[in-house]
Amino acid sequence: MSVEPPPASLRLRIDHAALAHNWQSLDRLSGAARTGAAVKADCYGLGVDECLPTLRDAGPSSFFVAHWSEVEAVARYVPAGDIAVLHGPMTAQDVAYAKAIGAVPVINSIQQARRWTEARGGRCHLMVDTGINRLGISPTQISDDAIKALDIDVLMSHLACADEDSQRNARQLATFREVIGQIECKSLSLANSAGIALGENYAFELTRPGLSLYGGIARSELKDVIRQVAYPEAAIIQTRDIKADDKVGYNGEFTAYADMRVGVVSLGYADGFLRSWGNVDGRSGSHLLHDDRHLTLLGKVSMDMMVVDLTNAPEVREGDWLSVPYSLPDAAQQSALSQYELLTVLGQRLR
Ligand SMILES: *Cc1c(COP(=O)(O)O)cnc(C)c1O
């Protein structure tokens, strides 16, 4: 007999209105270009089933995944023909799958182009590498017969440094411009989230935001435009009354200044709440929220627990939920992790 495990004492709340708002904001910033959505890595960790219905209703024209194995989950919500697979057809099996399910490959090399054409694959996208040196044909290969034989819908390239003020952005743009005159295609695409913030020169006819859909601030220009989407929440699993001079947590880092009520929260560094956000060395500032009241973190963050001061919320009981303020840019700065890593790790742990 199999028994359903009880619900976890931590969870991730998705603000669907914010997700839709972020797509609409990026769509507005994309000007006349259509706006797609990168939904790879299970919607950056937040969950295809959770995010796709909201995104679909907002209205992207194309959805981007990395792997063929990601297509099926996304195709439950949108037509397979609107799904582009960034890694392209690497094997005959990939080609057969693409044709059977109807998702569109992004062709990244001469070999992939041949593989696709020989199988009479039909419509595809083409990635040209303009300087990131990741996937894509090189600009000099654009006139290769294998490329000319393709039925190209979107001709795309990908920016390496769009989140910085780098001259390489303009250089990649110029290289892309040189390439696009040399091949037939239906539309052009260059910008990811950060690229959209670089302005309309970068938007072409289709943009491909990912990170900023889910609340990441890819560039400072997006700070007031993009809203937080992922809200970690954790339950109080015990409350305790402690006496003045009692110490809390590993190494007794916090000493009670008076008799006080504290709550043990089911959230720790194993869940992506980094130890460095605790009150290490007496540096305070981290807090959780109950309604809008700040509950200060006391002592060190443990693997699966942390302790908060309940002075501001005396009525809070075991089983009550607290929300975790989680600014991706601040967290990235404090942890030396990227917003991409924080989002994907956080989502996987908490869901
Ligand atoms: C991941 C990815 C995107 C989305 O990038 P963000 O920086 O998350 O907006 C767009 N295009 C390609 C080719 C990608 O791999």
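Each residue takes its place number in the sequence, starting with 1. Each ligand, and each atom within it, is numbered from 1 in the order the structure gives. Computed over heavy atoms, backbone and side chain alike; hydrogens, waters and symmetry mates excluded.
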Q | Protein residues that have a heavy atom under 4.0 Å from any atom of ligand 1, sorted by chain and number | A |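 Under the 4.0 Å cut-off, ligand 1 touches A38, K40, Y44, L86, M127, R134, H158, N192, S193, R208, P209, G210, L211, Y340.
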**Q.** Atom CD of E315 with >12 non-hydrogen neighbours under 6.0 angstrom
**A.**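 Buried by this count: over 12 neighbours within 6.0 Å.
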Q. Does any donor atom in the side chain of Q112 or S109 lie under 3.5 Å from an acceptor atom in the other side chain?
A.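 Per modelled atom types, Q112 and S109 side chains form no pair under 3.5 Å.
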Q | Side-chain donor or acceptor of K40 paired with backbone N/O of L86 under 3.5 Å | A |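 Not confirmed, K40 side chain does not pair with L86 backbone.
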Q: Please list, chain by chain and in numerical order, all residues satisfying salt bridge (Lys or Arg N to Asp or Glu O under 4.0 Å) with R219, sequence neighbours excluded.
A: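 In terms of salt bridge (Lys or Arg N to Asp or Glu O under 4.0 Å), with neighbours along the sequence ignored, R219 is linked to D165, E221.
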Q) Do the numbers put R13 on top of the ring of W321, so that NZ or CZ is under 6.0 Å from the six-membered ring centre and no more than 45° off the axis? A)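 No - R13 does not lie over the ring of W321 by the 6.0 Å and 45° rule.
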Q.
Students often mix this up, so state it plainly: with edges at 30° and 60°, are the rings of H294 and H287 parallel, tilted or perpendicular?
A.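 If you compare the ring of H294 with that of H287, the planes turn out parallel.
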